[in-house]
Amino acid sequence: MDSQVSNGSGLEAEHITDLLVFGFLQSSKYNFHQELEALSQELPVEVYLDADFEDELQTDGGRASRSFYQERIEPDSESQEEIIQNIARHLAQVGDEMDHSIQPTLVRHLAAQFRNVSLSEEDRRNCLAKALDEMKTAFPRDMENEKAMLIMTLLLARNVASHAPSLLPDVFRTTVNFINQNLFAYVRNLVRNGMD
């Protein structure tokens, strides 16, 4: 059942990657909040921006929980939403530690390629793949290859968006498509297993 995370009802496959990439970008230390807000309006599922919905202190001293979406897709998909949000945060934390391995010249070159309006979506995915190939020697040796590739893909997207915030919609779409074509089985397993 490739279109769902589990055998039960849940998020559709194409939305899992949207939410994972959005959550990763949202966990970014970079400032492209306005672009993320605009992107959230274009997504097929609705998301909250963290800055808009800070945890509120309740009268019992606890914190109100935030939901990742404005509306639930399925009654039992809440746990999947939370899992995806947690995975995105975890990947962003690991990515912050790996960020130094991305060369600024590589980011500038990739941003220039994304600015080329004559490139097709397939061409952009190929540019992203070439950039990842150049970075393979920087992948941590003690990390499984799929995880390193996923994090580096997300880091490239984040760094290009930070370098050129106006490219965020194109970078987001290409990153989601690249992950769906090359790493979706790994992403689906991350969601199924909760967290690695």
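Just so it is clear, the structure is predicted and the values come from calculations on it, not from any experiment.
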Does atom CD (E122) have a neighbourhood of more than 12 heavy atoms from anything else shown, all under 6.0 Å? no

Correct closest heavy-atom pair for L156 and A131 would be CD1-CB, 3.9 Å

Separation between CZ of F24 and CD of Q93, rounded to the nearest 0.5 Å: 10.5 Å

Would you call N189 and E146 a side-chain contact if the rule is heavy atoms closer than 4.5 Å? no

Identify the two heavy atoms, one from F172 and one from F22, that lie closest to each other, and give their separation to 0.1 Å. CE1-N, 3.6 Å

Can you tell if the side chain of L190 reaches within under 4.5 Å of the side chain of L150, non-hydrogen atoms only? yes

Roughly how far, to the nearest 0.5 Å, is CD of Q85 from OG of S27? 7.5 Å

Between CE on residue M98 and CG on residue L155, distance to nearest 0.5 Å: 6.5 Å

T174 vs E121, side-chain hydrogen bond (donor to acceptor under 3.5 Å, both in side chains): CA-CA, chis, key distance, verdict: CA-CA 7 Å; T174 299; E121 178 60 24; 3.1 Å; yes

Please step through side chain to side chain contact (heavy atoms under 4.5 Å, CB included) for the pair L119 and F114, ending with a clear verdict. CA-CA 8 Å; L119 288 182; F114 272 85; over 6 Å; no

Donor-acceptor pair, distance only, cut-off 3.5 Å: does the side chain of D99 make one with the backbone of G95? no

Considering only heavy atoms from C-beta outward, does the side chain of L132 approach that of M149 to under 4.5 Å? yes

Identify the heavy atoms of M152 and A138 that sit nearest to each other, and give their distance. CE-O, 4.0 Å

Does any part of the side chain of L20, heavy atoms only, come nearer than 4.5 Å to the side chain of L91, both counted from C-beta? yes

Under a 3.5 Å threshold, yes or no: a donor from one side chain and an acceptor from the other, between D123 and S120? yes

Between S40 and E37 (side chain of the first, backbone of the second, donor and acceptor by atom type, cut-off under 3.5 Å), is there such a pair? yes

Distance from D170 atom CG to R115 atom CZ, nearest 0.5 Å? 11.0 Å

List the steps and the verdict of side chain to side chain contact (heavy atoms under 4.5 Å, CB included) for I151 and F139. CA-CA 9 Å; I151 292 171; F139 286 10; over 6 Å; no

Hits for side chain to side chain contact (heavy atoms under 4.5 Å, CB included) against T17, two or more places apart or cross-chain, chain-then-number order -> V21, V176, I179, N180, F184

Check F178 against R125 and note the closest heavy-atom contact, atom names and distance. N-CD, 3.8 Å

Exercise: identify the closest heavy-atom pair between I84 and V191: CG1-CG2, 3.9 Å

Under the side-chain hydrogen bond (donor to acceptor under 3.5 Å, both in side chains) rule, what pairs show up with a residue in residues 128-137, not counting sequence neighbours? none

Once you round to the nearest 0.5 Å, how far does NE2 of H163 lie from CG of L110? 10.0 Å

Count the heavy atoms belonging to other residues, nucleotides or ligands that lie under 6.0 Å from NE2 of H109, then report whether that count exceeds 12. no

Where L168 and L36 come nearest, the two heavy atoms and their spacing: CD2-N, 3.6 Å

Take M143 and V94, measure what side chain to side chain contact (heavy atoms under 4.5 Å, CB included) needs, and give me the verdict at the end. CA-CA 11 Å; M143 185 180 289; V94 174; 3.7 Å; yes

Using a 3.5 Å distance criterion without hydrogens, assess whether the side chain of S162 forms a donor-acceptor pair with backbone atoms of R158. no

